[in-house]
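Take a look at the structure below.
Quick note: residue numbers are just sequence positions, from 1.
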Amino acid sequence: MKKIGMLGLMLMFLVSLVACGGSKYDEVIDKVVAQDKKSMSSNYMSDIADELNRKTADVKVYDDGKYIELKFGKNNYESFFKRMSDGSYEEASYDDKEYVKEDAKLEYEEKNGKEVKHSNQ
């Protein structure tokens, strides 16, 4: 009986570790935030770029990572990125932005570094 209890306890521990694993989009979100920050710095907006990071951003991922939207509320700054065929991300065109706002499927969202759970997920 002790072995079954111990096995159950270990199983619950493993399940809790998997649940805390983060998002499958973590790496790409970090990459896009860093890319956006670098772009802002090179465009003589380093004072704003210094404040851009994942913990101050609202992030939305659409269509299984094809589109990423970043919003930084303090500066009222937003940007959209589109995944290219080689896996890199570039700023999205106006048409892409309109598609995202109207038709894209929201896959993942976080505010200030914390995942936002939706009832449909």
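Rounding to the nearest 0.5 Å places CG of L70 at 9.5 Å from CD of Q35. Atom CD of E78 sits about 11.0 Å away from atom CZ of F72, to the nearest 0.5 Å. Expressed to the nearest 0.5 Å, how far NZ of K60 lies from CD of E109 amounts to 4.5 Å. Atoms CD and CE, from E90 and M84 in turn, are 4.5 Å apart once rounded to the nearest 0.5 Å. Of the inter-residue distances, the one linking F80 atom CZ with Y94 atom OH reads 11.0 Å to the nearest 0.5 angstrom. Rounded to the nearest 0.5 angstrom, K71 NZ and S79 OG are separated by 11.0 Å.
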Original post:
Please walk me through it: do D36 and Y89 pass side chain to side chain donor-acceptor pair (under 3.5 Å)?
Top reply: CA-CA 10 Å; D36 203 21; Y89 281 81; over 6 Å; no
**OP:** Please test K24 against D64 for salt bridge (charged side-chain N to carboxylate O under 4.0 Å, His left out), starting from the C-alpha separation and ending with a verdict.
**Re:** CA-CA 10 Å; K24 72 178 187 176; D64 198 28; 3.1 Å; yes
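Between D30 and V33, the closest side-chain pair of non-hydrogen atoms is not below 4.5 Å. At least one side-chain heavy atom of K111 sits less than 4.5 Å from a side-chain heavy atom of V116.
Here the two rings, on Y99 and Y67, have centers that are under 6.0 Å apart.
Looking at every heavy atom in both residues, N112 comes nearest to D58 through N-OD1, 3.9 Å. The two residues D86 and S88 have their closest heavy-atom pair at OD1-OG, 2.6 Å.
D95 has no carboxylate O lying under 4.0 Å from a charged side-chain N of K82, or vice versa, which leaves the two without a salt bridge. A salt bridge links D26 and R54; the closest N-O separation between the charged side-chain nitrogens and carboxylate oxygens is under 4.0 Å.
Using modelled atom types, one side-chain atom of D63 and one backbone atom of K105 make a donor-acceptor pair closer than 3.5 Å.
Side-chain polar atoms of E27 and Y25 form no donor-acceptor pair below 3.5 angstrom.
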